[in-house]
Amino acid sequence: MRKGSRLIFFEFNRASRMYFTLLTVMFFTQILGFFVMSKGYMGQVEHYIRTYGLDIPAIQEAIGIFSPEQIIQSPWVMAPLSLCIVYMIAYTFFIWYRDWYGANVFIYRLFMLPVSRTYVFISKAVTILLMVIGIIAFQLFVLYIGKWIIAGNIPIDFRGSLSMLDIVMGFNYLTIFFPFTTVQFFTLFGGMFIFITIVFTAILLERSFHLKGIIYGLMYIIGSIVLLISPSITEIILQRSFVYPAEMFWIQVGLFLISAYISIRVSTYLLEKKVHV
Amino acid sequence: MIKLSNVTKRFGRKWVLKEISFQIPKKQITCLVGRNGVGKTTIMNMIMGLTHPTKGNITIDGERIHSSLYDNISYVPDQATMLNQMTVGDAMDFMRGFYKNWNDEQALELLYLFSLHKSDRIQALSKGARKKVDILLGLSMDAEYILLDEPFSGVDPNSRKQIIDVCTGHFMENRGILISTHDMLEVEHIVNRAVMIEDGMVHRVLEIEEDEETEKKTIIDMLKEVDAHAERK
Amino acid sequence: MIKHWKTIGLVVFVSIIFSLFYVQMSREVETYPTFTLETTEGNVEVVHPITLYGDFHTGEHTHLFSYNLQETMYVQQMPSLERLNGFYKYAEMERLEQLYPAYMRGKVDDVSMYTESDLYVVQADMDWGTYKNDEPVNMAFNLSVLHKELQKEARMTIEIPKRDQSSFISLEKMYAVGEDLHIVTSHSHDSDHGLTVFDLRVYTIQLDRGKIGSTDVIYTWEQEDFTEDIRVAPIENHDSILADQRMLLLKAIVEEDTDIENDLQISKNQTEKVSYELIAYDFRTKSLDTFKLPSQVKDGAEFISYEDNSDVFLIQENQEKLEVIEWQLGSDEQPGPLMVPTNNPVHSYTTSYQGEYLYIYVNSKAPNKNIGEIHVLYVPTGEWVYAGNLMSNRPLKDEEEVIIHSIE
């Protein structure tokens, strides 16, 4: 267990430089965006006051009140966040492939460590998950600061609700990545971890069987997704449901756990018997 | 003892190794000899579980390779394996953190003998120096077995001399050693046995002292005969 | 450990941020108003069975809540796992799930798809079958029938006879009595002279045999320029079915062009003329009786009914007040309206009929801490037995609004 956690620290340290650079870029770009857009809005307000002599209700009518959603949906916030998302998707593959194709063949070292190779697998998966959770937490942190910037620049008459709930809802479809309760936290990130293990298994299939392995890997991912959504597919095909919604939730949890177990077992087998340097 | 029994390896349709059987006893130095590309690295990788035989099996003291055995068997591959952004000190810390058999005293001694410094960044080292780092990391473990894959090849003369001195010194005592090389000259005088690989098979296993006595030839001469025979084929 | 400061630091950072976030989320809900019921008249025991469901609007967002006289619960406060089964529960659906949990497993959460007799519980919907030239060609009824005594479920698909003669069929209502299931459908097809012909039909299905026993066309009309419309009257109890097995149909006849509005209310544009008739279809005798509505029935009146006799109850707004009209079908007597004793102008209202009590909740037009009023009528005697004010724990801000939209 100690060696396993040591591996996690090691893997995260390898990723940390680029990771923290990205977070820094995200921070400065988004904070700048909060300043620029809130100042820009107040500039418009002042223009209307100076040029047309409008009162508050008239200005609200003319240009609307300022909503945090305007900044969140703007490139100031979305661009660095999208960059982080793309980076994490790429890194999910990179975390393995660079050990084979990097400047030095570090996979030798990893495979010769006196720890089960399953720990190598788990440590990489935990590192990816930790990085993703870190990005989401950091985004929340930036939103807290952004909220303070808006409150400082825009008077209450000209702005909408600055509750964190309302601000986070401004992410629209990306709101699903912000868990609002501890149950949502564990289901979201538990599900994410399981999905990472599925992708890792596909990567190890490629590392084991090369060209054929790419096909096996894609089939494995598709098969896993089919397994996970099988209750929903069954309901759609048969056009009826068989369980209460709460029961469906537990069935899904069970399927996710089964999928994780299969992924880890298959990966362990591949790492010990099939994958080679 | 490391024991290979009828080990066969195929890459695609090509049979690289065919029913290889030999042993690496403890406290002896065994040399794996053969031309480039004959399968020496593949044999070492299979012993270390880094690749897997198509048929046959390999045991270390009666057990198949598994993770806990890596405390007891050390491998110095031909390629550099440590991360470029690490320093020599970082690499030593990495090994110390995972291997309970890590010997700090030995590591410091090797550091001195190889003229390396903990603050040296691996990225900035020459090829010879990187090889010395890998050898340092390999020999600093109190492992019963050490495998060295082409420890002298592709390095500058100065580094080569340092490596030869270390490999012929007390660091190799009381361990089962497997050295692979295509040129026996450097280790002729320390090797106890030689396994000659030709055409994917064990051509001959030589117990150096006995066979030199019997055949009245040096190991080098015997190897040259093997080479000539192979060329005629 | 200090060596691993980056990883540990990130874990600590994540823990702090998410903890702060969750504390803030829970505190945010605590800023929402909570409610209590202050009794002004009558016995509070009368309102104990009910739960009020409402929306709390904060300008940009709406938060659903329930209030059951013990506590106010917002949807965010409901434990996540409980919320999976739905926050808003129709009382009827809860009752069915408690009585028949195995049968109700996997069933659709739409109370209008269920009906119950003393022998059976039935869930029914339309099976649209396959499509030809964008029109469904082999429609059928899908039934799931529970025999209450044997606790056995049977599924059946019953083809709708002569379905190819209709271009559109919709399932309007269902009514189970004994071993019979009456399904009321609305059919439409084009006539030879280019008009759309509508008819209302009743399919009587013998549940023990799984077959259609009879098909009756109970009303047919041509719709030229949509001047005439008939729909099954939306009466709250038993969905327009009276205890004497009569179904009420509301017929609206527009004398000039206008749009007939939503199902729940009689409504008309003030400049056009719309007249209404109530048609009662008797399932046993298969006869139709037509009644003119009392003249006191105004625009926006809503139907309510109850089981014990064939009285029809309506509720309507009258000069910012509400009044209840009880009217015996077929009687020439003009009923006197029963005023709902509200203290504040009516913003909107909702009703529920449970047991022998009619619950009327009225949202106030200009609430401060007084969100609305609840009044309870004991129907057999026509007496108001309870009045209470729904109070908020704090005044509402300008951009805030609380609307109770249903009583279960």
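Chain identifiers are assigned alphabetically (A, B, ...) following the order of the sequence lines, protein sequences preceding nucleic acid strands; residue numbering begins at 1 within each chain.
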Give a yes or no on whether A/F186 atom CZ has more than 12 heavy-atom contacts from other residues, nucleotides or ligands under 6.0 Å away. no

Closest approach of A/R117 to B/Y70 (non-hydrogen atoms, all atoms of both residues): NH2-OH, 3.1 Å

Contacting moiety of B/L69, where chain A heavy atoms sit under 4.5 Å: neither

What part of B/N84 lies closer than 4.5 angstrom to a heavy atom of chain A: side chain, backbone, both or neither? both

From B/I73 CD1 over to A/M112 CE, what is the distance, rounded to the nearest 0.5 angstrom? 10.0 Å

Around atom CZ of A/F177, are there more than 12 heavy atoms of other residues, nucleotides or ligands at under 6.0 Å? no

Pick from B/K100, B/M48, B/Q79, B/M82 with the largest number of heavy-atom pairs that fall under 4.5 Å of chain A: B/M82

Using heavy atoms and a sub-4.5 Å threshold, report which of residues 250-277 of chain A line up against chain B, by residue number. A/E272, A/K273, A/K274, A/V275, A/H276, A/V277

Honestly, the part of B/M86 sitting under 4.5 Å from a heavy atom of chain A is side chain

Sort by residue number and list every member of residues 118-141 of chain A having a non-hydrogen atom under 4.5 Å from chain B. none

Please rank B/D71, B/L83, B/T51 by heavy-atom pairs under 4.5 Å with chain A and give me the top one. B/L83

Set of residues satisfying salt bridge (charged side-chain N to carboxylate O under 4.0 Å, His left out) with respect to B/R96, sequence neighbours excluded: B/D93, B/D104

Using non-hydrogen atoms and a limit below 4.5 Å, what part of residues 96-110 of chain A faces chain B? A/A103, A/N104, A/V105, A/F106, A/Y108, A/R109

With a 4.5 angstrom heavy-atom cut-off, is it the side chain or the backbone of B/L137 that approaches chain A, or both, or neither? side chain

